[in-house]
Amino acid sequence: MEGSKKAAVMKRLEKYNMTRFQTSVLRATLDIPKGEVRTYKQIAAKIGHPKAYRAVGSALKENPLAPTIPCHRVVKSSGELGNYSGRGGKKGKRRLLEIEGYIIKKNR
DNA sequence: CAACACAAAGTAG
DNA sequence: CTACTTTGTGTTG
């Protein structure tokens with residue numbers, strides 16, 4: 001059953017005036033399996049812009065389907081969380097990752 | 001042109 | 001390790 005939730009989300013994206021870059025970033029982010037994380041660099045590479053990791057961040061930050069797209073699963077290459085526009089900022093991001101099963105360091 | 005949810009390599013301590 | 005600098009990229013203002 002969870003085969004095609006992505007298609008439904010992508011359909012919604014079509015209503016927004018987003019650039020190809022943003023749509024590609026959101027698609028790649030949406031493709032992240034539960035309990036896993038992706039780096040900005042991996043997302044950029046996946047969409048064909050291996051050096052635009054910075055642009056990836058800009059795209060995610062404006063992400064129109066915020067909680068629908070797992071933007072909290074995107075972290076820095078160093079394994080750190082990085083920033084987050086959602087609720088609670090980085091704190092909420094880390095919290096979501098813990099709930100999903102991603103290993104987090106103890107000390108909050 | 002400046003700034004940004006980053007990355008990597010460089011210099012300095 | 002911390003801290004700063006420079007280069008690179010796409011979007012936004």
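Letters A, B, ... are given to chains in the order of the sequence lines, protein chains preceding strands, and every chain is numbered from 1.
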Interatomic distance, I99(A) atom CD1 to R94(A) atom CZ [nearest 0.5 angstrom]: 10.5 Å
Members sharing L30(A)'s hydrophobic cluster (side chains within less than 4.5 Å): V9(A), M10(A), L13(A), Y16(A), M18(A), F21(A), V25(A), L26(A), I32(A), Y40(A), I43(A), I47(A), Y53(A), V56(A), L60(A), L65(A), I69(A), V74(A)
Selection: residues 14-28 of chain A, any non-hydrogen atom under 4.0 Å of DNA chain C: T19(A), F21(A), Q22(A)
Of residues 50-57 of chain A, the positions that come close to DNA chain C - non-hydrogen atoms, cut-off under 4.0 Å: K51(A), A52(A), Y53(A), R54(A), A55(A)
Closest heavy-atom pair and its distance - Q22(A), A59(A): CG-CB, 3.3 Å
Donor-acceptor contact present, side-chain K93(A) to main-chain L81(A), <3.5 Å: yes
Distance, rounded to the nearest Å, where L60(A) contributes CG and dC4(B) contributes P: 17 Å
Contact interval (first through last nucleotide) of DNA chain C with protein chain A, 4.0 Å heavy-atom: dG8(C) to dT12(C)
Interatomic distance, N63(A) CG vs dC4(B) C1' [rounded to whole Å]: 16 Å
Atom-to-atom span, NE2 of H49(A) to C1' of dC6(B) - whole angstrom: 16 Å
From CG (N83(A)) to NZ (K90(A)), nearest 0.5 Å: 5.5 Å
K34(A) side chain near R73(A) side chain, heavy-atom distance below 4.5 Å: yes
Touch class at under 4.0 angstrom, heavy-atom based, for S77(A) against every strand present: sugar-phosphate
Nearest heavy atoms of C71(A) and A66(A), plus distance in Å: SG-O, 4.2 Å
Summary of ring-ring contact (aromatic ring centres under 6.0 Å, His included) pairs that have at least one residue in residues 56-101 of chain A, sequence neighbours excluded: none
Rounded distance (Å) that lies between atom P of dC6(B) and atom CG of L81(A): 11 Å
Ranges pairing with ranges for DNA chain B, where each run has three or more Watson-Crick or G-U pairs under 3.5 Å: B:1-4 with C:10-13, B:6-13 with C:1-8
